[in-house]
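Heads up: numbering here begins at 1 and tracks the sequence. Please read all numbers here as calculations on a predicted model, not as lab measurements. These numbers come from the heavy atoms of this one structure, side chains and all, not from hydrogens, waters or symmetry mates.
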Amino acid sequence: MKEEGMRCPNGHGKIMIKKVRKRVTFRGINIIVPIEQYVCGVCGVEASTINQAADIQKAISDAYRKAVNLLTGKEIVEKRKKLNLTQEGLAKRMNVGIASIKRWEGGTIQSKSMDHALRIALGGQSVGDSCTGNRSFSIPRIKLVLK
């Protein structure tokens with residue numbers, strides 16, 4: 001534990017930063033997450049800064065993704081850079097918006113189907129319409145749908 005400038009809300013003076021591994025249930029999955037937060041040595045109250053809370057959320061997201069076999073944000077970034085792709089380049093290869101890539105790299109959990117598409121794109125291939133659900137424009141198909 002290292003001393004910092006936060007004080008216990010229960011009046012016990014300065015509280016210390018403590019690094020622990022916590023068991024958390026997220027989306028029905030039990031995961032163990034490394035957490036760094038302030039803990040009062042007297043009453044045990046836990047507190048976090050905004051940055052610590054953001055780090056905890058990202059750690060939970062990545063631990064969950066590992067547990068259900070989805071690529072983590074760090075893995076997406078590493079594989080993308082290994083292919084010398086920008087976020088925009090990966091988005092084009094996947095036929096999705098760049099905002100999706102930014103969210104997934106930043107901690108938002110992708111769906112299993114988008115994880116599959118990510119793995120294809122990060123494997124060096126372009127993702128076809130079979131993954132995205134897009135189809136080419138077809139007048140006969142439109143007529144069929146309208147019937």
Cluster overlap Ile109 with Leu118, hydrophobic side-chain contacts below 4.5 Å: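 Cluster IDs for Ile109 and Leu118 differ.
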Drop me the distance from [X]'s [atom1] to [Y]'s [atom2], to the nearest 0.5 angstrom.
X: Lys19; Y: Ile35; atom1: NZ; atom2: CD1; result: 13.0 Å
X: Lys92; Y: Ile101; atom1: NZ; atom2: CD1; result: 12.5 Å
X: Cys40; Y: Met16; atom1: SG; atom2: CE; result: 10.5 Å
X: Gln87; Y: Trp104; atom1: CD; atom2: CH2; result: 11.5 Å
X: Arg93; Y: Leu83; atom1: CZ; atom2: CG; result: 5.5 Å
X: Leu70; Y: Asp62; atom1: CG; atom2: CG; result: 10.5 Å

Please enumerate all residues that pass side chain to side chain contact (heavy atoms under 4.5 Å, CB included) together with [X], with sequence neighbours excluded.
X: Ala59; value: Val33
X: Ile29; value: Ile31, Tyr64, Ala67, Val68
X: Ser111; value: Ser113, Met114

Test salt bridge (Lys or Arg N to Asp or Glu O under 4.0 Å) applied to Arg119 - qualifying residues, sequence neighbours left out: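 Residues passing salt bridge (Lys or Arg N to Asp or Glu O under 4.0 Å) with Arg119: Asp115.
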Under 3.5 Å, side-chain donor or acceptor atoms of residues 75-82 against the rest of the protein: list the pairs with distances, not counting sequence neighbours.
residue : atom : partner : partner atom : Å
Glu75   : OE1  : Thr72   : N            : 2.8
Glu75   : OE1  : Thr72   : OG1          : 3.4
Arg80   : NE   : Glu105  : OE2          : 2.6
Arg80   : NH1  : Leu85   : O            : 2.9
Arg80   : NH2  : Glu105  : OE1          : 3.3
Arg80   : NH2  : Glu105  : OE2          : 3.4

Asp55 with Lys58: basic N within carboxylate O range, under 4.0 Å: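 No, Asp55 and Lys58 are not salt-bridged.
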Atom CG of Asn30: over 12 foreign heavy atoms under 6.0 Å: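 Yes - once you tally the heavy atoms of other residues, nucleotides and ligands closer than 6.0 Å, there are more than 12.
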Arg103 and Gln110 side chains, donor-acceptor separation under 3.5 Å: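 No, Arg103 and Gln110 have no side-chain donor paired with an acceptor closer than 3.5 Å.
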Partners passing side-chain hydrogen bond (donor to acceptor under 3.5 Å, both in side chains) against Ser48 (at least two apart in sequence or in another chain):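 Scan of Ser48 (side-chain hydrogen bond (donor to acceptor under 3.5 Å, both in side chains), adjacent residues dropped) gives Gln37.
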Over all atoms of both residues, closest heavy-atom pair of Met6 and Ala47: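 Reported closest heavy-atom pair: SD-CB, 3.7 Å.
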Heavy-atom closest contact (Gly73 atom, Arg65 atom, distance):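 The pair with the smallest heavy-atom distance is N-NH2, 3.0 Å.
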Val20 vs Val39 side-chain heavy atoms within contact, under 4.5 Å: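 Val20 does not reach Val39 side chain to side chain.
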